[in-house]
Amino acid sequence: MVDIDIITGDSLAPAIFFDLTHTLLGKTDGEYHLYSDTLDTLKALRERGYRLGVISNLSLEVTEDEVHAFLEECSIASFIESDLIIFSSEHPESIKKPDKRIFDLALEKGKLAGAAGSPIFVTEEHDHILAARCYGWRAILKRNWGECRPEDGECVHSLSELLRLL
C-alpha cells in the first residue's frame, strides 16, 4: 500500500476514487480480471500527482485485511493509498453508495477537506455519478457499453480515456 501524501503547494493533491467492479475490474465466468488499461492508467495518474483510492460496496462479512489482500491479488494495491480505501462494511451502519455518508467517510478518512480541487469519483453506475455530483464531487461515468450521451456529463468508454480529461 502507498502511505505517502503527495503535496502540491500547501494542500494535498486531488484525489480520484474508483469503484472496483466494472470500473477497474471486469468479471468473466465468475473470475475478476483487470481491464487491459487499468494498470497503465493508474500509473499515469499517480505520475501526474493524483492520489488514488477506492469506494466500494461490500458485504458485512468482508474485512479490511481481505480488501487489502484482494487489491494485492489484483496488482493494484501499489497504486492505491490505504487512507483512500473506503468500503461500505467498515461503516457501523454498512452504508452503501450512493448514500452521502460513504462519500463523507472518504473525505474524512482521506483528510480531503480543503484539498486541492474537488474529489473525483469514477464508476459505471449512473445513479452513483448523479449522487456524487450532488455532493460536490466531480464524477465521471465509465460506460462499458453504449455511447456517452449529453445527459451523462463527463463520460469515458475506457479508463485510458480519463487521461485526456484529467
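Atom set for the values below is all heavy atoms of this structure, side chains included, hydrogens, waters and symmetry mates excluded. All of these numbers come straight from a predicted model, not from anything done at the bench.
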Nearest heavy-atom pair of Arg164 and Cys155: which atoms, and what distance?
NH2-O, 4.0 Å

Between Asn57 (side chain) and Lys96 (backbone), is there a donor-acceptor pair under 3.5 Å?
no

Please name the pair of heavy atoms, one in Arg149 and one in Arg143, separated by the smallest distance, quoted to 0.1 Å.
NH2-NH2, 2.7 Å

Under the rule for disulfide bond (SG atoms under 2.5 Å apart), what residues qualify as partners of Cys74, not counting sequence neighbours?
none

Output for pair (Ile80 CD1, Ile16 CD1), nearest 0.5 Å, gives 10.0 Å

Which distance, rounded to the nearest 0.5 Å, do you find between the CG of Leu165 and the CD of Glu154?
5.5 Å

Quick check on the hydrophobic clustering: are Leu141 and Leu130 connected, directly or via other members, by side-chain heavy-atom contacts under 4.5 Å?
no

Distance (rounded to the nearest 0.5 Å) between Leu24 CG and Thr123 OG1:
9.5 Å

Keeping the roles fixed (side chain from His157, backbone from Gly146), state whether a donor-acceptor pair exists under 3.5 Å.
yes

Does Lys142 count as lying over the ring of Phe18, i.e. NZ or CZ under 6.0 Å from the six-ring centre, within 45 degrees of the axis?
no

Taking all heavy atoms of Ile102 and all of Ile95, pick out the closest pair and write down the distance.
N-CD1, 3.1 Å

Begin with the C-alpha distance, continue with both residues' side-chain angles, and end with the deciding distance and a verdict on side-chain contact (heavy atoms from CB on, under 4.5 Å) for Asp40 and Asp37.
CA-CA 6 Å; Asp40 288 341; Asp37 57 352; 5.6 Å; no

Gap between atom CD1 of Ile86 and atom CZ of Phe103 - 0.5 Å precision:
11.0 Å

Step by step, would you call Ile76 with Leu20 a side-chain contact (heavy atoms from CB on, under 4.5 Å)?
CA-CA 11 Å; Ile76 60 175; Leu20 267 177; 4.1 Å; yes

Assess whether side-chain contact (heavy atoms from CB on, under 4.5 Å) is satisfied between Thr21 and Lys27, documenting all intermediate values.
CA-CA 8 Å; Thr21 56; Lys27 191 172 185 180; over 6 Å; no

If you compare all heavy atoms of Leu39 against all heavy atoms of Leu34, which two are closest, and at what distance to 0.1 Å?
CG-CD1, 3.7 Å

Determine yes or no for a side-chain-to-main-chain donor-acceptor pair under 3.5 angstrom, with Asn144 supplying the side chain and His22 the backbone.
yes

Does the Arg48 side chain pair with the main chain of Leu163, one donor and one acceptor, at a distance under 3.5 Å?
yes

Return the minimal non-hydrogen interatomic distance between Glu151 and His126, and the atom names on each side.
O-NE2, 4.1 Å

Roughly how far apart are Asp19 CG and Ser56 OG, rounded to 0.5 Å?
5.5 Å

Distance from Ile55 atom CD1 to Ser88 atom OG, nearest 0.5 Å?
11.0 Å

Kindly determine whether Leu71 and Phe79 satisfy side-chain contact (heavy atoms from CB on, under 4.5 Å), including the steps that lead there.
CA-CA 10 Å; Leu71 294 175; Phe79 298 104; over 6 Å; no

Flag the pair His68 / Ser82 as yes when at least one side-chain heavy-atom distance between them is below 4.5 Å, and no otherwise.
yes

Between Ser89 (side chain only) and Val62 (backbone N and O only), is there a donor and an acceptor less than 3.5 Å apart?
yes

Return each pair, listed once, that meets salt bridge (Lys or Arg N to Asp or Glu O under 4.0 Å) where at least one residue sits in residues 101-110; pairs must be two or more places apart or across chains.
Glu90-Lys109, Glu93-Arg101, Asp99-Arg101, Lys100-Asp104

For a ring pair (Phe, Tyr, Trp, His ring centres under 6.0 Å) with Phe17, tell me which candidate from Phe121, Tyr50, Phe87, Trp137 qualifies.
Trp137

Do Val156 and Tyr35 belong to the same hydrophobic cluster, where Ile, Leu, Val, Met, Phe, Trp and Tyr are linked whenever their side-chain heavy atoms lie under 4.5 Å apart, directly or via other members?
no

Look at the side-chain heavy atoms of Ile, Leu, Val, Met, Phe, Trp and Tyr, link any pair under 4.5 Å apart, and say whether Leu162 and Leu25 land in one connected group.
yes

Quick check: does any side chain N or O of Arg138 sit under 3.5 Å from a backbone N or O of Ile120, one acting as donor and the other as acceptor?
no

Using the rule that Ile, Leu, Val, Met, Phe, Trp and Tyr join whenever any side-chain heavy atoms are under 4.5 Å apart, tell me whether Ile129 and Tyr135 fall into a single cluster.
no

